[in-house]
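Step one of this worksheet: look at the structure below.
Letters A, B, ... are given to chains in the order of the sequence lines, protein chains preceding strands, and every chain is numbered from 1.
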Amino acid sequence: MKISNLKLDEIFHTLVTSDRGLDRGEATRRLAEFGPNGIEETRRKPLLLRFAGQFTHFLAILLWIAAALSLLSEYLHPGEGMGMLGAAILTVIFLNAGFTFFQEYRAERALDAMKKMLPFRVKTLRDGLVSEVPAADIVPGDILLLEEGDRVPADTRIIECTSMSVSNALLTGESEPVSRSSTPFDGDMLASPNIAFAGTTVVGGSGRGAVFATGMRTEFGRIAQLTGTVTPGLSPLQKEIVKITRIIGAIATIMGLLFFIIGQFIGRTFWDNFLFAVGIIVANVPEGLLPTVTLSLAMASRRMARRNVIIKTLISVETLGSVSVICTDKTGTLTKNIMIVAETACLGNDPHGNDEWLHTVGMLCNNARELDGEIRGDPTEIALLREARSARVRHGGLRIREFPFDAERKRMSTITTVDGAPMMLTKGAPESVLAICRECRIGGRNVTFDNALRSEADRLYGMLMDRGLRVLACAIRSIDSAEAVTNSAAAERDLTFLGFIGLEDPPRPEVAAAIRKCRAGGIRIIMITGDATRTALAVAKRIGLVQKGAVAIEGGNFERMSDGDLRTALSEGEVIFSRMTPKHKLRVVNILKEEGERVAVTGDGVNDAPALKRADIGIAMGLSGTDVAREAADMILLDDNFASIVNAIEEGRAVYENIRKFISYIFSSNIPEIVPYLAFVLFRIPLPLTIMQILAVDIGTDMLPALALGAEKPSPDLMQRPPRSPRERLLNLPLLARAYLFLGPIEAMAGMFGFFFILSTGGWQWGDVLPAHSTLYLQATTACLAAIIITQVANIFACRSFRESIFTLGFFSNKMIFAGILSEILILLFIVYTPAGNALFGTAPIFGNVWFILALFALSLFAAEEIRKAIARRYCSGGAVE
Amino acid sequence: MRYQRILTAINEHVQSEIAARYALQFAAAAGACLDICFVEEPGHQTEHGQIARAAAERMQNRAKAAGVPCRLLYERGDPLTEIRRIVKTDVVDLVFVATRGEDVKRRFYTGTMARRLSRGLPCSVALVRVVHLGRIHPKEILVPLKSRLSHAAERAAFIAVLSRAFDSRVHLFHVTRPLRTFFHGEMHLTPLEWDQRLPADISRFIEELNRRRTAHERRLAPGVAGRVISVEAAVRRHDLIVMGASERGRAGSLLRGNPVEQVLRETPCDLIVLKPVHENQ
């Protein structure tokens, strides 16, 4: 039993109130107990704590320890550059934290938009007197006085009303006003005509009601609560980055500790071993990865903006690429949201025999109006008016009275003087209009609307629906001048059925191709529409959304289905939800997510907000969407067009592929950074590469070329592949093997060759100890660093594709690559040939012949990779080519 | 377990009257007697006393109409002391008490009246938080369950009676910690996979419910208990949440948070926090 079931006295009894309202003392007590009537923010982790969280994850802790040890070393052994290293590591920590936070941060403004939807002051009865109080002070049991134009402040049971109608658009998405009454109602409370919900607007009449829920316990508050609390969880990319940093962090720590212990065993000093351990950790950790990922996502979001998609959180760029299901609205997204009259039909031999009168009803029982040369109003009525004008309807009319459309009657009627005679003109849903018709007009004559003709009308109606048309039935009746027409029930009777008008919202022309693309890319599309099943199915067939027998689930059945049944239905190939309201979307999204799908969902209304928040990607409509939907969404479609979603998904997939490319690139340079340390410990040679030089590569020279890889064009077959499996790793074994066992060793060879080449030409003998500041040593480490950077120049071409030859891709097809290489070379020249660079990175200028030798290594890497790709193309399938 | 005498405490607040309605329906379904008790504290405003007495009388009339044997008890003194005395003297099995605004504003587990009653009474206590006056008979009851459940038999008995009282559907809901590994982070499990990990205590509770022929659905979800419970109730439009009282002490609540407190704050529907004492009777 709910409040909507109760009679007047039971309402007062239940709410412990009376028709005089509450007394002020009781109102004050209830306010203290139930709290203010308003939208409250749910408690979230403060921004500062969320930012602090970026400094306490596993990798950050590792780097904190390394920085602390470096600074301690500087204190114990001043002048050996460990202070600078400590500062550099701290910079890396802050840089990474800043970039990660920037990726994840999103201002939560959806609730702010919702707060503005409640009124500030309302009229209420207190102690039997009308008083205006702040809406925040309304409590359960208060009696509200509602008039046209008022916003309802709380969920209210109507106790008396006069011609009262409200707009529930905020809650149901239905723009048509619905009439209110005070009589008990046994159905669902949300559909109850005796309830006025918080946030809705009184659009006609007036009434009184008793408040039964306030604040966050109203239906509106429930949406606000869900909008504020539901989250999609970590994005696939965030999860992968956590995994990568943990794996790399663990490898770095284990290697550091292991070689520290080995060093102790073979008799190196503690200090040398410590230096080595820190070096190994720094060399292993890809310090530049997070900034590069963030910048790459930012670049992709700019590209998407050019394709009518605004991305609100950077991380969503990549999440789009992993989407496996799109739950989409129909009207406006798959279709143009422009109604046109596609067909008229009536009973009898001539299907167009009643067209003149059908158009007359369409024109005169219509509220669309021409303003400034433009017809404005409801899209259906605009279409009817346009069609009537183009059909040059002869009849004119003067409206006497109107019975507006409402959701219960599902029809609209007017009493209009047509050619001097008053007539009842009615249009509406066929099941509603046919039920009140007594006759029908065939061949210009009125005949009894018997069962046979009714069956014929039903068949005609079904036929039009199967063509994907929204069907209206039209009927008329002559009104006797003496007839007293008091209300719609008295007026809308004994009508003469004229025929049907079939309207169509044409599909967007680009949608069919976008759906084919999704189908090829293994992405399921689930249409969720308020339309009737047959109309929805017909449209779906027309745009290629369904091919075989689709499962169609209607809103009523949906509510009765258990989660298990729904899960089974959703596992079928093609599913369409019809007669649905936005409140159903969240459940669909939840079930799909529980099944491991990565879900994108479209929405425009306030009550779409929770589903938009819960989905992996919430997509709000830029043209028709409410502020709340836009704030709750991850991305906004500027043109409301489904095809733009598919474009964005393609861009997202390209981003993921490109992130893998630059991870290969960044990880390749880890090996030439690690090998010098291993050689230093195991072969007792001078350290070939200092920690500052490692950082010069990781957060200096590697960054811009890696970003250029992030701008690679998508592979042509990108949308031919299925969505990547949630089990697919960003950093998988083939990728690691290519970086660590193939590209990395070539770079390491180059680095070590450059180091020993300088030492041997400078007269160094095995076992000689070189002072840290000797020119020969500085030049040797410089050659090692230069070798790594030069081979990375070649590596950037290698990493542009996992299996395609650079000659196929085209050398100049990504011009940003050359900007990246230029930056790399300029940084290298700064490090090698300027006093500032020499001082900062412990380098010294090297001669031209060294560059020539290092260039040969770069060419070797390039050639070796081309050979590997050729072998991969010939012998390996797609998955194992990295 | 059979509840034979149920007491409900009334005061000047409307919530206590709504809580008493729950007690009345419960008593009717359990075939128990109902004691409606108002304890006037020293210094209490006269007006408050009158409001409470009026509410108690309304409840008595309802009880008569429902055919539930009922007594009105007006006492003076400290509510805990007086109610404890009545519970001991009259062998009360279960007490229904409404939570107050202070229980939500202040930390619930740091010394509110509800806390005192829950801790200090020698019988089972059902603390009722009333937030929505429109759902008069809860049709959908959400029952969040912990992995480790004490008093499974009494909890099941309570749910069974409540479900019978309102002819409601029962939805068992277990919030479990997400499955995580160091290198892989959070693992995704489908509902079926979660179902296979149903804790033994919950299985025992389900057996108890089955024994009482109480139909139910069950669901498991990973997450942070307090938040997930209130979201679940909001998403599925449950009318009432019934959960066990927290066994976390003050220090534990301060350090690790308290799901019961969080649900008390955020619940979108009425909430009953049950502290059972009868073990396997």
At a 4.5 Å cut-off on heavy atoms, which part of [X] comes close to chain B: side chain, backbone, both, or neither?
{"X": "A/Arg30", "result": "side chain"}
{"X": "A/Arg157", "result": "neither"}
{"X": "A/Glu240", "result": "neither"}
{"X": "A/Asn5", "result": "neither"}
{"X": "A/Glu219", "result": "side chain"}
{"X": "A/Gln225", "result": "side chain"}
{"X": "A/Ile244", "result": "neither"}
{"X": "A/Arg729", "result": "side chain"}
{"X": "A/Ile247", "result": "both"}
{"X": "A/Ile248", "result": "neither"}

| message | Restricting to non-hydrogen atoms, name the atom on B/Pro222 and the atom on B/Val228 that form the minimum distance, rounded to 0.1 Å. | response |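 Smallest interatomic distance, heavy atoms only, reads O-CG2, 4.2 Å.
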| Hey, mind stepping through B/Glu232 and B/Ile241 against side-chain contact (heavy atoms from CB on, under 4.5 Å) and telling me if it holds? | CA-CA 10 Å; B/Glu232 176 77 2; B/Ile241 302 173; over 6 Å; no
| field | Which residues share a side chain to side chain contact (heavy atoms under 4.5 Å, CB included) with A/Ile254, sequence neighbours left out | value |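 Partners of A/Ile254 under the side chain to side chain contact (heavy atoms under 4.5 Å, CB included) test: none.
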| query | Sequence neighbours excluded, which residues qualify as side chain to side chain contact (heavy atoms under 4.5 Å, CB included) partners of B/Ala19? | reply |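 Partners of B/Ala19 by the side chain to side chain contact (heavy atoms under 4.5 Å, CB included) criterion, ordered by chain and then number, come out as B/Ala98, B/Val128.
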Tell me, out of [options], who's got the most heavy-atom pairs with chain B below 4.5 Å.
{"options": "A/Lys2, A/Glu595, A/Glu594", "answer": "A/Glu594"}
{"options": "A/Arg587, A/Arg614, A/Arg567", "answer": "A/Arg567"}
{"options": "A/Asp155, A/Val242, A/Asp563", "answer": "A/Asp563"}

Of the backbone (N, CA, C, O) and the side chain (C-beta and beyond), which part of [X] lies under 4.5 Å from a heavy atom of chain A, both, or neither?
{"X": "B/Ile18", "result": "side chain"}
{"X": "B/Asp167", "result": "neither"}
{"X": "B/His13", "result": "side chain"}

| request: Answer with yes or no whether the side chains of A/Asn194 and A/Ser4 bring together a donor and an acceptor at under 3.5 Å. | output: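 A/Asn194 and A/Ser4 do not have a side-chain donor-acceptor pair below 3.5 Å.
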| Hey, are A/Glu597 and A/Ser324 close enough side-chain-wise for a donor-acceptor pair under 3.5 Å? |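 Yes, a side-chain donor-acceptor pair sits under 3.5 Å.
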| query | With distance as the sole test, does B/Trp194 use its side chain to make a donor-acceptor pair with the main-chain N or O of B/Leu189 at under 3.5 Å? | reply |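 Checked: pair present.
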| field | Distance flag, aromatic centroids of B/His238 and B/His171, threshold under 6.0 Å | value |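 Centroid distance B/His171-B/His238: below 6.0 Å, so yes.
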| Distance, nearest 0.5 Å, that separates CG of B/Leu24 from CZ of B/Phe96 |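 That separation rounds to 10.0 Å.
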| Contacts of A/Phe197 that satisfy ring pair (Phe, Tyr, Trp, His ring centres under 6.0 Å) - sequence neighbours left out |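 So A/Phe197 forms no ring pair (Phe, Tyr, Trp, His ring centres under 6.0 Å) with any residue.
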| said: Within 45 degrees of the ring normal and closer than 6.0 Å to the centroid, is that where the cationic atom of B/Arg218 sits relative to B/Phe173? | reply: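 No, a cation-pi geometry is absent between B/Arg218 and B/Phe173.
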| said: Which label fits B/Tyr22 and B/Phe166: parallel for a plane angle under 30°, tilted from 30 to 60°, or perpendicular past 60°? | reply: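 B/Tyr22 vs B/Phe166 ring planes: perpendicular.
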| request: Give the C-alpha distance, both sets of side-chain angles, the deciding distance and a yes or no for side-chain hydrogen bond (donor to acceptor under 3.5 Å, both in side chains) between A/Thr319 and A/Asp616. | output: CA-CA 7 Å; A/Thr319 312; A/Asp616 294 290; over 6 Å; no
| query | So which bits of residues 135-144 of chain B come within less than 4.5 Å of chain A, counting non-hydrogen atoms only? | reply |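 Counting heavy atoms that sit under 4.5 Å from chain A, the residues of residues 135-144 of chain B involved are B/Arg135, B/Ile136, B/His137, B/Lys139.
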| More than 12 heavy atoms of other groups within 6.0 Å of B/Arg169 CZ |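 At most 12 heavy atoms, drawn from other residues, nucleotides or ligands, come within 6.0 Å of this atom.
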| request: Count the heavy-atom pairs under 4.5 Å between each of B/Glu193, B/Glu17, B/Arg236 and chain A, then report the option with the highest count. | output: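 Of the candidates given, the most pairs with chain A belong to B/Arg236.
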